[in-house]
Chemist: 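Structure provided below as structure tokens; questions to follow.
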Protein chains: 2
Amino acid sequence: MIMENLKGACIIGQSGGPSSVINASALGAMQAAFKAYDITHVYGASHGIKGVLNDELYDLEVEDPSELELLRYTPSSALGSCRYKLKNWEDDDSEYFRILEIFKKYDIRYFFYNGGNDSMDTCNKISKFMLKEGYACRIMGIPKTIDNDLFGTDHCPGYGSAAKYIATSCMEIYHDAHVYDTGTVVVIEIMGRNAGWLTAASAIAASKGCGPDFIYLPEVPFNMDEFLAKVDEMYKKTGKCMIAVSEGLKDKDGKYISEYGSNLASQTDAFGHAQLGGTASTLANIIKMSLGIKKIRAIEFSLLQRCAAHCASDTDIRESYMAGAAAVEAAISGMTDKMVGFERSYENGKYKCNIKLLPLDIVANAEKKVPDSYITEDKTGLTKEFLDYAMPLIQGESALPMEDGVPRFAHLKKQLASK
Amino acid sequence: MIMENLKGACIIGQSGGPSSVINASALGAMQAAFKAYDITHVYGASHGIKGVLNDELYDLEVEDPSELELLRYTPSSALGSCRYKLKNWEDDDSEYFRILEIFKKYDIRYFFYNGGNDSMDTCNKISKFMLKEGYACRIMGIPKTIDNDLFGTDHCPGYGSAAKYIATSCMEIYHDAHVYDTGTVVVIEIMGRNAGWLTAASAIAASKGCGPDFIYLPEVPFNMDEFLAKVDEMYKKTGKCMIAVSEGLKDKDGKYISEYGSNLASQTDAFGHAQLGGTASTLANIIKMSLGIKKIRAIEFSLLQRCAAHCASDTDIRESYMAGAAAVEAAISGMTDKMVGFERSYENGKYKCNIKLLPLDIVANAEKKVPDSYITEDKTGLTKEFLDYAMPLIQGESALPMEDGVPRFAHLKKQLASK
């Protein structure tokens, strides 16, 4: 197939939850776009698709290249992000026509959208709408999610860095929690509403002898009695117990464990709203009450697991950059309506990450969970197969530049484009 | 004064809360002790003074030197720690005579105790008892506390690394919390019951434009109305507010802010015990209820701020090592009954850390708080004088060796000595 050249401007947008490396993907896309003969101007959308709808595009051509280079190591979304779901155009096409209007205004012929499941849904809808309207443009999704739950790709940019942070932090907490000869229980809560990939990363720490005794993923229905029995046994045997749990743990009836707290006591605020603790603090309270263990600590990695750029994986940074650049290169070569994905291969036993392209509509809204073969038979650990999968993704350390003893992150001008 | 040589074995003990660098001090002491002609054998106390009382000493001479070298980068207390307060010997001298018995059994003539306020109290009591009993030995305290609240020393080993972790993490959370164009409030809780040094470190992030808007230290009585007014004003102006608070915040009547939660609602567990949230989650709840702000997140740095060795300060590592080595060298040269302290000087504007020795009894149980001159007039920030004080302590990054993408911490044999 001989593709005609398509000349015009491009928009790069970031969407969904932050990660340590989404800006590395943005940088990859920007630098490829700057180089591309067919791309006449490079814009960044302020807060993802909201910036397109609001006619708030940053002129990325006025940015200092050396500041842009720092995006490789700067966490969160430098252009701003959003959680914004477009309606189906069958129900309401006004936003789609608004996007088309902006595309025409700036002569946008390339649209690169960087995000997770919901963002690929947005990307897919826009792509299909532009096809339907016969507006010539190329639309590519760039994957990003610490949750690692995008369908069709071996893994997702962002996961390796979050996994490295989680494994490292678990090892450090293990050392801390084992310092006294008195009993200690630690419950660590890790992100993941439906998929347990992040929590599974704590198994890397366990494989080094400094990790959780038990790991609970949302893929497995949670049984409180079995859980308490396991903690009790380990605590009686060793005086310690370290547990990693996904925030999204549910029992067999689909009830979140974090909701168990409201059964235990009348924990309501001044307005009568139930005050739900997190999953870890709920479990810590239940352990305290049921097993009479006094020294117990609930720890949430909270936002840091998705923004701790100082502990990013170099492999993840490089692959994220590559995903951004590949999206632009594929679009220039004529591809559209695709998401960049990863496929792994091994050359002489050495891990290699290759680019593949996936149709946007098979990716949008699909969700990849941790497969059974990665979960041990007793459902409280991860198999060697999982470790073989995860280990290559966390290799290498970030070359994040430091200034005055703290990270030197990018400072962009973010100058709005006018037309 | 000409000192007679004192030949005999030594014990190195670790006590109190973990830090990222207490093992660097232990390594400094061990390596100096191995080299010292007068020190006939090097023991480590298992779990601090408890190991002495229980006759559980590790034979450090059988350890692999390359594993010991990794102690420089390994967090928490590799020999085990304790929180154990000796009685005054006037009330009960049985434990002191037990310690003397163990000292005699192993021919201990050198005792090095590494810890914070309470540990210096232990060290001081043992020192004075041995003097009283006329048992020839030399007893030295090696400072350690992330809290930075030891009296008489410019700063404490452990503080620089914790401060670096806190500043770095605040900068990263700032990026995460500013990613959406929707309102967000973040309350970060940092350790420090009585002294605000750790919370103050968040001002380093603020000085880089990526830190908390307001910082609340336990040195300043907390006023809830003024706090809410400030948050409200900032949120209305910018749609964001980031706040750093010490866990030990108290109001003017001495009531902990974390206890405010129990007034707001009947938060009791199944046994009727009040469930106190942390300071950050209590404040987050109060902001939610009083100001009607929905998106608010309470984050606790929890254990990681004292054990995140991957983010340690190289300056802190080097100084901690130096403190351990200096304690041994001073003892060999005839000193006893002292704690090693730090004094800073500037040579051509360049920070330099010098060793000084302080009498144990002036250090024990004294507490150093953040001085008024370090706190801004409005009491919600830190002055340039504080930044000038703190910045040199966080310089340089740890050379922590990595293996398989995660830290390679020390694995000691911990073989019990028998005699």
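Below, chain A is the first sequence line, B the second, and so on; all start at residue 1.
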Chemist: Ignoring hydrogens, what is the shortest heavy-atom contact between Ser76(A) and His175(B)? Give both atom names and the distance.
Modeler: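 Between these two residues, the closest heavy atoms are OG-O, 2.7 Å.
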Chemist: Of all of Thr74(B), Leu393(B), Asp404(B), Leu79(B), which one pairs up most often with chain A through heavy atoms under 4.5 Å apart?
Modeler: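 Option with the greatest count: Asp404(B).
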Chemist: Check each atom of Thr182(B) against the heavy atoms of chain A and say whether the ones under 4.5 Å are side chain, backbone, both or neither.
Modeler: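 It is the side chain, since no backbone atom gets that close.
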Chemist: Does any heavy atom of chain A fall under 4.5 Å from the side chain of Arg83(B), the backbone, both, or neither of them?
Modeler: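 When you check distances to chain A, atoms from both the backbone and side chain of Arg83(B) fall under 4.5 Å.
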Chemist: With chain A as the partner, which of His178(B), His411(B), Met391(B), Glu397(B) has the greatest number of non-hydrogen pairs under 4.5 Å?
Modeler: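 Looking at each option in turn, the highest pair count goes to Glu397(B).
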Chemist: Please classify the contact of Tyr165(B) with chain A as side chain, backbone, both or neither, using a heavy-atom distance under 4.5 Å.
Modeler: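 For Tyr165(B), the side chain is the part near chain A, not the backbone.
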Chemist: Can you check whether anything in residues 201-210 of chain B gets within less than 4.5 Å of chain A, heavy-atom wise, and list it by number?
Modeler: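 Contacts with chain A: Ile204(B), Lys208(B).
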Chemist: Minimum heavy-atom separation for Met171(B) to Val406(A), with atom names?
Modeler: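 Taking Met171(B) first and Val406(A) second, the nearest heavy atoms are SD-CB, 3.7 Å.
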Chemist: Please find the pair of heavy atoms, one from Gln395(B) and one from Gly405(A), that lie closest to each other, and give the distance.
Modeler: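 Gln395(B) and Gly405(A) have their closest heavy atoms at OE1-N, 3.3 Å.
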Chemist: Side chain, backbone, both or neither: which part of Gln14(B) has an atom under 4.5 Å from a heavy atom of chain A?
Modeler: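 Neither the backbone nor the side chain of Gln14(B) comes within 4.5 Å of chain A.
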Chemist: Of all of Ile299(A), Asp176(A), Ile173(A), which one pairs up most often with chain B through heavy atoms under 4.5 Å apart?
Modeler: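 Max contact count across the listed options: Asp176(A).
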Chemist: May I ask you to name which of Ser169(A), Gly160(A), Pro392(A), Ala298(A) has the most heavy-atom pairs under 4.5 Å with chain B?
Modeler: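 Max contact count across the listed options: Ser169(A).
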Chemist: Locate the shortest heavy-atom distance separating Glu172(B) from Leu304(A); write the atom from each residue and the value.
Modeler: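 In terms of heavy atoms, the two residues are closest at OE1-CD2, 4.0 Å.
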Chemist: Does atom NZ of Lys384(A) have more than 12 heavy-atom neighbours, drawn from other residues, nucleotides or ligands, at distances under 6.0 Å?
Modeler: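 At most 12 heavy atoms, drawn from other residues, nucleotides or ligands, come within 6.0 Å of this atom.
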Chemist: Using 0.5 Å steps for rounding, measure from the CG atom of Leu400(A) to the OG1 atom of Thr168(B).
Modeler: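 Output value for this atom pair is 8.5 Å.
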Chemist: Heavy atom to heavy atom, less than 4.5 Å: which residues from residues 306-316 of chain B reach chain A?
Modeler: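 Within residues 306-316 of chain B, the residues that come under 4.5 Å of chain A (heavy atoms only) are Arg306(B), Cys307(B), Ala308(B), Ala309(B), His310(B), Cys311(B).
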Chemist: If you measure from OH on Tyr180(B) to SG on Cys82(A), what distance do you get to the nearest 0.5 Å?
Modeler: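 With rounding to 0.5 Å, OH (Tyr180(B)) is 8.5 Å from SG (Cys82(A)).
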Chemist: Nearest 0.5 Å please: distance from the OH atom of Tyr174(B) over to the CG atom of Leu303(A).
Modeler: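 So the OH of Tyr174(B) and the CG of Leu303(A) are separated by 14.5 Å.
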Chemist: For Lys295(A), does the NZ atom sit with more than 12 other heavy atoms under 6.0 Å from it, leaving out its own atoms?
Modeler: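 Enclosed.
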